[in-house]
Amino acid sequence: MHEVAGERPKDFIREIIDQDIETGRFGGRVHTRFPPEPNGYLHIGHAKSICLNFGIAQEYGGLCNLRFDDTNPATEEVEYVQSIMEDVHWLGFDWDDRLYYASDYFDQMYGYAVELIKMGKAYVDSLSPEEIREYRGTLSEPGRDSPYRDRSVEENLDLFERMRRGEFAEGACVLRAKIDMASPNLNLRDPTIYRIKHLPHHRTGSKWCIYPMYDFAHCLSDSIERITHSICTLEFEDHRPLYDWFLDALGVYHPQQIEFARLNLSYTVLSKRRLLQLVEERRVWGWDDPRMPTLSGLRRRGLPPESIRRFCERIGVAKRDSIVDVALLEHTVREDLNLTAPRRMGVLRPLKLTLLNYPEDQEEMLEAINNPEDLSAGTRPVPFSRELYIEQDDFRENPPPKYYRLAPGREVRLRYGYFVRCVDYRKDPATGEITEVFCEYDPATRGGDAPDGRKVKATLHWVSARHAVDAEIRLIDRLFDRPNPTEGDEDFRTRLNPDSLQIYRGCKLEPSLAEADPSCRFQFERLGYFIADNRDSRPGALVFNRIVSLRDTWAKIEARLAKSSNHDRD
RNA sequence: UCGGGGGUCGUCUAAGCGGUAAGACAGCGGCCUUUGGAGCCGCCGAUCCAGGUUCGAGUCCUGGCCCCCGAGCCA
């Protein structure tokens with residue numbers, strides 16, 4: 001069941017906002033922003049932040065900006081800004097005309113830097129990067145003042161202007177805030193606020209060769225946009241004093257920075273660096289590989305955006321580090337799809353089943369329910385004939401205990417079809433593999449009910465061999481083989497799950513799927529939820545991804561059986 | 001070692017700012033079923049530790065312990 005909206009208690013951020021509204025701190029306004037750096041693709045961790053920022057704005061009747069934090073031309077590209085906009089939209093949020101770039105404020109920021117210099121609160125340092133590091137001190141020892149710390153305002157103004165004009169090589173000097181080289185907070189030991197980079201910027205071209213650092217650019221961007229609550233992740237906690245310092249020093253509008261714990265998901269990694277590694281080393285097909293936790297990967301895999309939003313609501317927002325079980329995501333997806341996905345029949349690993357007493361040239365249409373959770377979805381005709389395919393897993397020559405499916409002499413139901421009893425089967429003598437099963441059907445059970453009231457313990461999905469369409473099916477599993485792949489000494493890349501992607505060709509689908517495209521998600525009965533691949537699938541050459549499997553209680557029983565028989569051998 | 005954060009069922013999140021530790025996921029068991037699906041019912045299960053204040057502490061105080069972040073001219 002879906003939880004009743006509004007019953008969930010508020011998280012600490014919304015409590016802060018409530019208080020600020022009560023005290024009239026920002027005139028009752030709520031204005032947030034989602035500020036990605038366009039240096040990679042968005043992943044589900046970003047979805048948490050997007051849902052938080054855009055969600056809060058919606059709830060409070062406020063606004064949320066999309067702002068690209070593009071202050072480092074060395075790593076940023078338009079390709080990424082495109083994908084980020086696409087992903088935010090896909091997730092279901094809209095920034096309307098509130099699309100901004102930190103680079104739009106380069107002129108203003110330059111002006112603010114000049115102001116700081118004039119106040120004697122910033123200086124040009126000509127120490128080398130290595131020297132700056134040495135002078136900074138360590139976690140437990142204070143730093144020392146740079147010999148250039150006391151340059152005159154005039155000299156600093158002149159030097160900074162010349163930095164801007166491109167008179168210096170990269171690394172020759174930087175502009176630093178003059179704060180406190182002995183501060184226990186390293187961020188306050190005269191942080192760099194401008195550095196030289198002779199690189200074109202994807203928006204400002206070659207206009208600038210000096211670029212502001214995050215700490216300087218971010219608080220000012222927030223201030224310029226009149227953001228009320230600047231929500232970011234925990235690692236920025238000890239940057240907050242610096243955020244506040246710049247704004248106070250300049251005497252400008254001052255938003256509140258609030259930090260929350262970023263999302264971690266079991267069996268996956270969510271760091272740009274590691275995801276980039278997977279892509280560059282070709283361990284996955286790309287950023288949108290259906291196994292990737294990127295939004296483009298999840299989209300390709302078929303997860304509905306609503307499910308991701310509901311997942312983000314469910315995990316909550318707090319300050320403690322945590323690893324959310326990916327099973328919760330899967331559960332949320334199943335919950336949505338169960339209600340909405342039309343049912344179809346498809347066979348992953350076909351096993352021929354011939355009905356010995358069904359006339360060779362006969363065929364008929366059976367009526368199948370599209371969605372038992374939503375009868376308004378109606379029914380569809382499914383063709384039936386003498387030769388069918390069933391799932392290899394659904395026949396066992398020697399059925400183990402608790403196995404209810406087809407076996408020699410046993411009767412089962414073909415869904416929406418007939419009761420069939422296995423009278424014979426054929427086996428490849430070389431491999432021992434079952435190659436064909438022969439059954440007799442009971443014409444009186446058409447539709448799946450026996451007039452004499454007899455019961456069967458299993459219902460199998462099937463497709464008519466003559467009418468089936470072929471497809472490739474990709475089963476997607478967790479990318480890593482353990483809950484926390486980055487824990488311990490070993491490289492996370494040694495923890496990849498070798499079975500994260502299983503490709504089956506020659507799968508057989510009911511003919512109504514012939515024209516399927518990525519706009520619709522289906523449940524293939526008893527197998528899971530599937531979607532046509534948004535890159536590789538086309539009519540005549542269908543490719544489906546499994547979004548998520550159905551809950552499989554038989555698999556659990558089987559696993560337990562295997563385990564206990566192992567025990568017996570011990 | 002210094003500074004900043006954080007420790008509640010296996011997991012995630014709650015507990016109107018001192019008053020019966022709650023929900024969801026996972027796990028386990030049952031009912032039901034033309035998907036071994038879905039649904040329904042039940043069970044299991046936690047306040048880091050030690051003191052203190054109090055009629056009463058997850059919440060307040062003291063002292064420990066453990067975990068995360070921080071020494072980019074990255075964000």
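Order of the sequence lines sets the chain letters (A, B, ...), proteins ahead of strands, with each chain counted from 1.
- S376(A) is linked by a side-chain hydrogen bond (donor to acceptor under 3.5 Å, both in side chains) to D374(A), counting only residues two or more places apart in sequence or in another chain.
- In this structure, R189(A) has no salt bridge (Lys or Arg N to Asp or Glu O under 4.0 Å) partners at least two apart in sequence or on a different chain.
- The distance between atom CG of L263(A) and atom P of U13(B), rounded to the nearest whole Å, is 10 Å.
- When the ring pair (Phe, Tyr, Trp, His ring centres under 6.0 Å) test is applied to F160(A), the partners found at least two apart in sequence or on another chain are Y110(A), Y194(A).
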Using a cutoff of under 3.5 Å, can you pull out all pairs of nitrogen or oxygen atoms linking the protein to nucleotides 27-31 of chain B, with atom names and distances?
unit_1 : atom_1 : unit_2  : atom_2 : d
G27(B) : OP1    : K556(A) : NZ     : 3.1
G27(B) : OP2    : K556(A) : NZ     : 3.4
G29(B) : OP1    : R560(A) : NH1    : 3.4

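- Backbone-only contact: K197(A) has heavy atoms under 4.0 Å from sugar-phosphate atoms and none from a base.
- At a cut-off of 3.5 angstrom, the base of U35(B) holds at least one donor-acceptor pair with the side chain of Q523(A).
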Collect all protein-nucleotide pairs involving nucleotides 2-7 of chain B in which both atoms are nitrogen or oxygen and the distance is under 3.5 Å.
unit_1 : atom_1 : unit_2  : atom_2 : d
C2(B)  : O2     : L139(A) : O      : 2.7
G3(B)  : N2     : D238(A) : OD2    : 2.9
G5(B)  : O2'    : E237(A) : OE1    : 3.2
G5(B)  : O2'    : E237(A) : OE2    : 3.2

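- When heavy atoms are screened at a 4.0 angstrom cut-off, R189(A) is found touching no nucleic acid atom at all.
- For Y41(A), the ring pair (Phe, Tyr, Trp, His ring centres under 6.0 Å) criterion is met by Y80(A), W287(A), not counting sequence neighbours.
- Taking 4.0 Å as the cut-off between side-chain N and carboxylate O, R67(A) and D222(A) count as a salt-bridged pair.
- For D215(A), the salt bridge (Lys or Arg N to Asp or Glu O under 4.0 Å) criterion is met by no residue, not counting sequence neighbours.
- Under the salt bridge (Lys or Arg N to Asp or Glu O under 4.0 Å) criterion, R446(A) pairs with E364(A), sequence neighbours left out.
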Treat a base pair as Watson-Crick or G-U wobble with both distances under 3.5 Å, then lay out RNA chain B in dot-bracket form, 5' to 3', with | for cross-strand pairs.
.((((((..((((.....[..)))).(((((.......)))))....(((((..]....))))))))))).....
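- E259(A) comes within 4.0 angstrom of no nucleic acid atom, judged by non-hydrogen atoms across all strands.
- H218(A) comes within 4.0 angstrom of no nucleic acid atom, judged by non-hydrogen atoms across all strands.
- Among the protein residues, I323(A) comes within range of the sugar-phosphate backbone only, with heavy atoms under 4.0 Å from sugar or phosphate atoms but none that close to a base.
- As judged by a 4.0 angstrom heavy-atom cut-off over every strand, T332(A) is placed among residues making no nucleic acid contact.
- With sequence neighbours left out, the side-chain hydrogen bond (donor to acceptor under 3.5 Å, both in side chains) criterion links S512(A) to R344(A), E510(A).
- In the set G37(B), A24(B), A75(B), A75(B) carries the atom at the smallest distance from any side-chain atom of H239(A).
- Annotation: of the two residues near RNA chain B, R136(A) and E37(A), the 5′-most nearest-nucleotide partner is R136(A).
- Nucleotide G72(B) is shown with a syn base, its glycosidic torsion being within 90° of 0.
- Here Y211(A) lies out of heavy-atom contact (under 4.0 Å) with every strand.
- Remark: R343(A) pairs with no residue by the salt bridge (Lys or Arg N to Asp or Glu O under 4.0 Å) rule, at least two apart or across chains.
- Contact annotation for S128(A): base contact, defined as any heavy-atom pair under 4.0 Å involving a base atom.
- Between the side chains of D69(A) and T71(A), no donor-acceptor pair of N or O atoms lies under 3.5 Å.
- Scanning for side-chain contact (heavy atoms from CB on, under 4.5 Å) contacts around T340(A) gives L337(A), with sequence neighbours left out.
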Between R521(A) and I547(A), does a side chain to side chain contact (heavy atoms under 4.5 Å, CB included) hold up when you go through it step by step?
CA-CA 9 Å; R521(A) 301 169 177 89; I547(A) 304 164; 3.9 Å; yes
